There are 2 protein chains.
Amino acid sequence: MAMGKINQERREEILSAALRIAENGGLAAMSMRAIGAEVGLTPMALYGYFASKDELLDWLVGRVLQEVPLPDPEADWRERLLACARGARAAAHRYPRTFSVLLNRPVVLPEAMRVVDPLYGALMDAGIPHERVAGWERMFSTFVLGFAVSEVSGRFGEGNLGTRERRERLGPRELPAHHRLGEVLDLPVDWDAEFEEGLTRLVAMVEAEGTGPA
Amino acid sequence: MAMGKINQERREEILSAALRIAENGGLAAMSMRAIGAEVGLTPMALYGYFASKDELLDWLVGRVLQEVPLPDPEADWRERLLACARGARAAAHRYPRTFSVLLNRPVVLPEAMRVVDPLYGALMDAGIPHERVAGWERMFSTFVLGFAVSEVSGRFGEGNLGTRERRERLGPRELPAHHRLGEVLDLPVDWDAEFEEGLTRLVAMVEAEGTGPA
DNA sequence: ACCTGAACACCGTTCAAGT
DNA sequence: ACCTGAACACCGTTCAAGT
């Protein structure tokens, strides 16, 4: 940037505008021109706040991370882990078209550390050896982000509509296991319950490795 | 499309060209013009094979999935699960700039079912109740894809370079847990081992829920 | 310190036309 | 059945200029 003080409030305003545009219209609609118009500026004025659109997207990761609430530090470490996970998934549901930037871009922001820090704290309090805390945090956040992104990107399937007919187009020779399972695959899915089940398993695994409160 | 027979070979050729361009130059370099030039066609000729660039990207998901090898159906269910997971991660390392399309786009392709089918088969053979097979497959593939995408997108950090100085810029008040952990966070990470550890845990969990071979 | 306007080299895509 | 060329409405970004 090579720039002196710049108006931080205005920068936040620009990022919120970008987020708004991405949520109605999709990420593709989030052009510099559209963002500029949303805040009443020429597209070129944005280059006073961000060196490029790519840098703006990096900051947008931080803007989305701000929407993940921090857990109550007084709570049990289990409660803190659950609160972080549920808060992140809730943010994904709130910003379904933008959330995937979290998995697609290298995270090199203070905001990322702000969100990771309570996870480190909870894992230490669970008694995880210090040299293994970062690895557990990666497991935990990979599950949470992976699940949330899969949900909102539609990778898990949009309510299984049409799944049955697609399955039958290929036949039991190509898809033996699908056909053995049959109509069980068309059952509705309780995504909340599935997420909570995964979380419960993870917390149990942390508990098993931990040696009790530090 | 509203189109009769079209040259399937040519379509594969186009998708391979697109993959090649994305890998050297990044996804942003994968323009219709660039893809056309790579196969010796006008950009407009591509619209005879794909209705839009978006549809081309959907097919590209299938093209990447083709790179995930199918496991030996004679092997133990554990071996089959491991083979699928390692094969998918290997594909991510082979196509680091393209692989994230798998998590970002709804998957509605026969190729996706082709990859999922052996997972269903392995989970059934592990004794997972039929109505829970799809859920387990989602857990498993979320871990594998989430980990692989995080690795290649740099979300896990590029060898922790600069982590220390960024940590110290924020101080122990904002990042208490980071500072309690201190230099342990700068230790090098064995990604292969971390992936294998996660896999081992997942397989153990499947085994615990399963009731033995069907 | 912050913003604009014109311009450049690109995009994806439509349309009419060619063989 | 397959492909081209010109054109349209967009992009991100540079540069010189304005206050």
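Each chain gets a letter, A, B and so on, in the order its sequence line appears, and its residues count up from 1. Because the structure is a prediction, the values reported are computed rather than measured. Worth knowing before you read on, the calculation uses all heavy atoms, side chains too, and leaves out hydrogens, waters and symmetry mates.
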Worksheet item: Taking all atoms of both residues into account, what is the closest heavy-atom pair of B:W191 and B:F147, and its distance?
Response: O-CZ, 3.9 Å
Worksheet, complete the sentence: What one should report as the nearest heavy-atom pair of B:I21 and B:M30 is CG2-CA, 3.8 Å
Nucleotide [N], atom [atom2] - distance to [atom1] of [X] in whole Å:
X: B:I14; N: D:dC2; atom1: CD1; atom2: C1'; value: 11 Å
X: B:M30; N: C:dG12; atom1: CE; atom2: P; value: 8 Å
X: B:E13; N: D:dC2; atom1: CD; atom2: C1'; value: 14 Å
X: B:E55; N: C:dG12; atom1: CD; atom2: C1'; value: 14 Å
X: A:F50; N: C:dC2; atom1: CZ; atom2: P; value: 13 Å
X: A:I35; N: D:dC11; atom1: CD1; atom2: C1'; value: 12 Å
X: A:D54; N: D:dT13; atom1: CG; atom2: P; value: 8 Å
X: B:R11; N: D:dA1; atom1: CZ; atom2: P; value: 14 Å

Response to the item:
All stems that DNA chain C takes part in, i.e. 3 or more consecutive Watson-Crick or G-U pairs with distances under 3.5 Å, are C:4-8 with D:12-16, C:12-16 with D:4-8
Item to complete: Decide yes or no for B:E151 and B:E194: does some side-chain heavy atom of the first lie under 4.5 Å from some side-chain heavy atom of the second?
Response: no
Discussion item. Does any part of the side chain of B:E23, heavy atoms only, come nearer than 4.5 Å to the side chain of B:P96, both counted from C-beta?
Written reply: yes
Discussion item. So, taking the atom named CD1 in B:I35 and the one named CG in B:L41, what distance separates them when rounded to the nearest 0.5 Å?
Written reply: 11.0 Å
Discussion item. Can you confirm if the aromatic rings of B:Y49 and B:W59 lie within a centre distance of less than 6.0 Å?
Written reply: no
Practice prompt. Look at all strands and tell whether A:R33 reaches a base, only sugar-phosphate, or nothing, counting heavy atoms closer than 4.0 Å.
Written response: base
Worksheet item: For B:M32, which contact category applies under a 4.0 Å heavy-atom criterion: base, sugar-phosphate, or nothing?
Response: sugar-phosphate
Does [X] make a side-chain N or O approach to OP1 or OP2 of [N] shorter than 4.0 Å?
X: A:R10; N: C:dC3; answer: yes
X: A:Y49; N: C:dC3; answer: yes
X: B:Y47; N: C:dT13; answer: yes

Fill in: Electrostatic pair A:R86-A:E196, nearest N-O below 4.0 angstrom
yes
Worksheet item: Picking from C:dC3, C:dT13, D:dG12, which would you name as closest to the side chain of B:K53?
Response: C:dT13
Fill in: Options C:dC3, D:dT4, C:dT13, nucleotide nearest the side-chain atoms of B:T42
D:dT4
Fill in: A:A29 or A:M44, whichever maps to the more 5' nucleotide of DNA chain D
A:A29
Worksheet item: Using the P atom in both, what is the distance from C:dC2 to D:dA17, to the nearest Å?
Response: 22 Å
Practice prompt. Using the C1' atom as the reference point in each nucleotide, state the distance between D:dC10 and C:dA9 in Å, no decimals.
Written response: 13 Å
Atom pairs and distances, side-chain donor-acceptor, residues 108-120 of chain A, under 3.5 Å, sequence neighbours left out:
residue: A:R114; atom: NH2; partner: A:L65; partner atom: O; Å: 3.2
residue: A:R114; atom: NH2; partner: A:V68; partner atom: O; Å: 3.4
residue: A:D117; atom: OD1; partner: B:A177; partner atom: N; Å: 3.2
residue: A:D117; atom: OD1; partner: B:H178; partner atom: N; Å: 2.8
residue: A:D117; atom: OD1; partner: B:H178; partner atom: ND1; Å: 2.5
residue: A:D117; atom: OD2; partner: B:A177; partner atom: N; Å: 3.1

